[in-house]
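Index from 1, following the sequence.
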Amino acid sequence: MISRPKGTNDIYGEEIEYWQYFEKAARKVAGVFGFQEIRTPIFEMAELFIRSVGDETDIVQKEMYTFEDKGHRLLCLRPEGTAAVVRSFIENNMVSEGLPRQVYYIGPMFRYERPQTGRQRQFHQFGAELIGSSSPLADAEMIWMSVFLLEELRLHRYTLHINMLGCQKDRESYKAALKDYYKDKLGAVCPDCRRRYETNVLRLLDCKVDACQPIKEKAPELTEFLCPECRDHKGQVSQILIENNIDAIWNTRLVRGLDYYTGIVFEVKYPFKETVFDLLGGGRYDHVIEQLGGNATPSVGFACGIERMVATMREEKAIAEPAALCQVFVLSIGEEAKKESLKITDFLRKRGISVQHDLMGRNIRNQLKYADKQRALYTIIIGEDELDKGVYLVKEMETGDQIEVESSWVENYILEKLTAL
Ligand code: HAM
């Protein structure tokens with residue numbers, strides 16, 4: 001027996017219904033915000049992520065599924081969606097169709113991480129990118145869209161964390177201040193922090209090791225290094241959120257795991273059993289397009305992990321009973337009845353009703369059991385007696401009520417019943 005690779009999942013049965021529910025809601029939200037779907041390849045040139053996500057990040061250093069193809073190209077399974085969208089934006093000259101360009105994607109991403117609750121090697125994201133606006137309104141729009149999605153899914157216990165990372169100049173001065181602060185404390189921090197000190201000093205603020213916390217807490221705050229423009233931008237985003245009743249916690253320690261962010265970044269956290277999920281994360285990435293060879297184009301976006309969303313929805317019982325797998329089951333006993341059942345099945349299917357009939361040669365009791373398992377709303381019962389009388393039985397599955405309906409009227413009867421629901 002060959003099992004699935006570590007860190008991957010089969011999604012089926014009741015769970016797939018939650019996924020479909022999620023995807024429907026996500027597409028609806030994308031639609032009401034005016035975003036169009038984009039589908040980019042599952043693999044890209046590895047260079048794309050090295051140059052955008054950053055070669056010092058964990059994603060690029062440790063987590064990429066990189067491989068050489070037969071033509072000796074260095075490819076990788078995409079670890080995230082933003083860089084691919086940007087590549088596509090530049091390559092397809094989407095700017096010619098006008099800005100802002102608003103796109104969303106749903107699909108698998110790959111990171112070689114240690115699997116645990118809510119963390120997989122193949123996981124799925126729903127993400128959205130708003131390309132071409134530097135306005136605080138664009139930041140607010142993406143935060144608003146994230147919150148709108150959560151509310152649409154009836155997930156109300158989230159906390160939204162937001163931070164202003166400042167422009168490149170602000171970050172340079174902040175990085176210098178951090179370096180200065182940590183310089184004489186390197187003996188007291190973990191080996192990872194010592195490495196980050198050399199490679200990416202901002203990531204020191206992301207350390208979860210207990211021993212590093214007291215030092216981290218006293219580190220200088222980024223806010224002290226913001227230039228007047230960035231302060232103003234932050235103030236405007238804050239104001240728009242307040243005016244639109246979006247509760248946000250300004251968290252000066254929020255740094256994201258990807259290097260391309262500048263300006264506003266945000267994350268949504270959600271309590272899940274004994275832990276807290278990062279459900280969603282995003283922010284502004286004003287320099288990625290030029291880094292990848294396009295013209296300077298300010299952009300902002302976010303992505304959420306669908307596995308985590310679905311797990312949270314299930315935990316919160318955020319959707320009602322899963323929908324019926326078929327609306328109608330046509331039960332038949334005997335050859336003549338089978339022929340009749342196929343006609344009815346065809347008639348109803350052509351009118352958009354989901355119908356199943358017996359494919360297993362089961363007896364009446366087992367056909368009824370199966371119909372129940374499929375959560376059919378109605379079962380039409382056709383046996384020899386019914387054929388003789390020209391009257392079929394229609395059973396309403398939830399109540400168990402049965403009524404007799406003229407054979408020539410049965411399809412219309414079902415249509416009437418279902419449209420009345
Ligand atoms: P990210 O924070 O790396 O951002 O990922 C976004 C979300 O994907 C996370 O909040 C989490 O829910 C989910 N996720 C990440 N890694 C895993 C994993 N190994 N297993 C399960 N779920 C995971 C990005 O990817 C950026 N591209 C977001 C963005 C879009 N920023 C701007 N535009």
Quick one: do Lys338 and Glu340 make a salt bridge, cutoff under 4.0 Å? no
Salt-bridge contact Arg256-Glu267 (side-chain N to carboxylate O under 4.0 Å): yes
With rounding to the nearest 0.5 Å, note down the distance linking OG1 in Thr8 to CD in Gln122. 6.5 Å
Okay, side chain of Arg51, backbone of Gln291: is any donor-acceptor separation there less than 3.5 Å? yes
Euclidean distance, Thr379 OG1 relative to Gln402 CD, rounded to 0.5 Å: 9.0 Å
Tell me if the centroids of the rings in Tyr104 and Phe35 come within less than 6.0 Å of each other. no
In the structure I gave you, are the side-chain heavy atoms of Cys326 and Val355 within less than 4.5 Å of one another anywhere? no
Using atom types as modelled and distance alone, determine if a side-chain donor or acceptor of Asp170 lies under 3.5 Å from a backbone N or O of Cys167. yes
Could you check whether His233 and Gln236, counting side-chain N and O atoms only, form a donor-acceptor pair closer than 3.5 Å? no
With a 4.5 Å heavy-atom cut-off, do Ile106 and Glu23 have their side chains touching? yes
Is the Phe148 ring parallel, tilted or perpendicular to the Phe33 ring (thresholds 30°, 60°)? perpendicular
Checking Glu172 against Gln168: is there a side-chain donor and acceptor pair closer than 3.5 Å? no
Is the count of non-hydrogen atoms from other residues, nucleotides or ligands lying under 6.0 Å from Arg253 atom CZ greater than 12? yes
Applying salt bridge (Lys or Arg N to Asp or Glu O under 4.0 Å) to Arg194 and Glu198, what does each step give before you reach the verdict? CA-CA 7 Å; Arg194 275 198 290 280; Glu198 296 303 333; over 6 Å; no
d(His357 NE2, Gln367 CD) to nearest 0.5 Å is 10.5 Å
I want to check a possible cation-pi pair here: Lys185 against Tyr181, using under 6.0 Å from ring centre and within 45° of the ring axis as the test. yes
Phe347 six-ring centre to Arg351 NZ/CZ under 6.0 Å and within 45° of normal: yes
Side-chain donor or acceptor of Asn92 paired with backbone N/O of Met94 under 3.5 Å: no
Tell me if a side-chain donor or acceptor on Asp358 pairs with a main-chain N or O of Val330 at a distance below 3.5 Å. no
So, Arg87 side chain and Ile289 main chain: donor-acceptor pair closer than 3.5 Å or not? no
May I ask you to say whether Arg203 pairs ionically with Asp206, meaning some side-chain N is under 4.0 Å from a carboxylate O? yes
Is it true that a side-chain atom of Gln61 and a backbone atom of Asp55 form a donor plus acceptor pair closer than 3.5 Å? yes
Is there side-chain contact between Val328 and Ile414, with heavy atoms separated by less than 4.5 Å? yes
Does the pair Glu37/Arg27 count as a salt bridge with the N-to-O cut at 4.0 Å? yes
Is Glu398 atom CD crowded by more than 12 heavy atoms from other residues, nucleotides or ligands, each under 6.0 Å away? no
Between Asn244 (side chain only) and Ile246 (backbone N and O only), is there a donor and an acceptor less than 3.5 Å apart? no
What's the verdict on side chain to side chain contact (heavy atoms under 4.5 Å, CB included) for Val86 and Ser52, showing C-alpha distance, side-chain angles and the deciding distance? CA-CA 10 Å; Val86 166; Ser52 54; over 6 Å; no
Does any part of the side chain of Leu205, heavy atoms only, come nearer than 4.5 Å to the side chain of Leu178, both counted from C-beta? yes
Exam field: side chain Glu80 to backbone Met109, donor-acceptor pair closer than 3.5 Å: no
Answer yes if the side chains of Gln356 and Tyr370 hold a donor-acceptor pair under 3.5 Å, and no otherwise. yes
Output yes when a side-chain donor or acceptor of Asn163 lies under 3.5 Å from a complementary backbone atom of Thr252, and no otherwise. yes
Leu75 side, atom CG; Thr66 side, atom OG1 - distance, nearest 0.5 Å: 9.0 Å
Does the ring center of Tyr112 lie less than 6.0 Å from the ring center of Tyr65? yes
Do we get Lys395 above Tyr378's six-membered ring, with its NZ or CZ under 6.0 Å from the centre and within 45° of the axis? no
Within a strict 4.5 Å, meaning less than it, do heavy atoms of the Lys234 and Thr223 side chains meet? yes
Charged N to carboxylate O under 4.0 angstrom, Asp346 versus Lys343? no
With a 4.5 Å heavy-atom cut-off, do Val265 and Arg284 have their side chains touching? no
Return the orientation label for the Phe272 and Phe277 ring planes: parallel under 30°, perpendicular over 60°, tilted otherwise. parallel
Side-chain donor-acceptor contact under 3.5 Å, Glu129 with Tyr285: yes
Min side-chain heavy-atom separation Tyr105-Val85 under 4.5 Å: yes
Ring centers of Trp250, His161 separated by less than 6.0 Å: no
Find out whether the Lys NZ or Arg CZ of Arg78 is both under 6.0 angstrom from the six-membered ring centre of Phe110 and within 45° of the ring's axis. no
Residues Phe49, Cys76; criterion side chain to side chain contact (heavy atoms under 4.5 Å, CB included); working and verdict: CA-CA 9 Å; Phe49 301 101; Cys76 77; 3.5 Å; yes
Please round to the nearest 0.5 Å and tell me the distance separating atom CD of Glu63 and atom CG of Leu77. 13.5 Å
Under a 3.5 Å distance rule, please check whether Thr57 uses its side chain to pair with a backbone N or O of Gly54 as donor and acceptor. yes
Any side-chain heavy atom of Glu316 sitting closer than 4.5 Å to one from Arg154? no
Ile2 atom CD1: more than 12 heavy-atom contacts under 6.0 Å: no
Take atom CH2 in Trp19; do more than 12 heavy atoms of anything else shown fall under 6.0 Å from it? yes
Return the CG to CD distance between Leu74 and Glu47, rounded to the nearest 0.5 Å. 8.5 Å
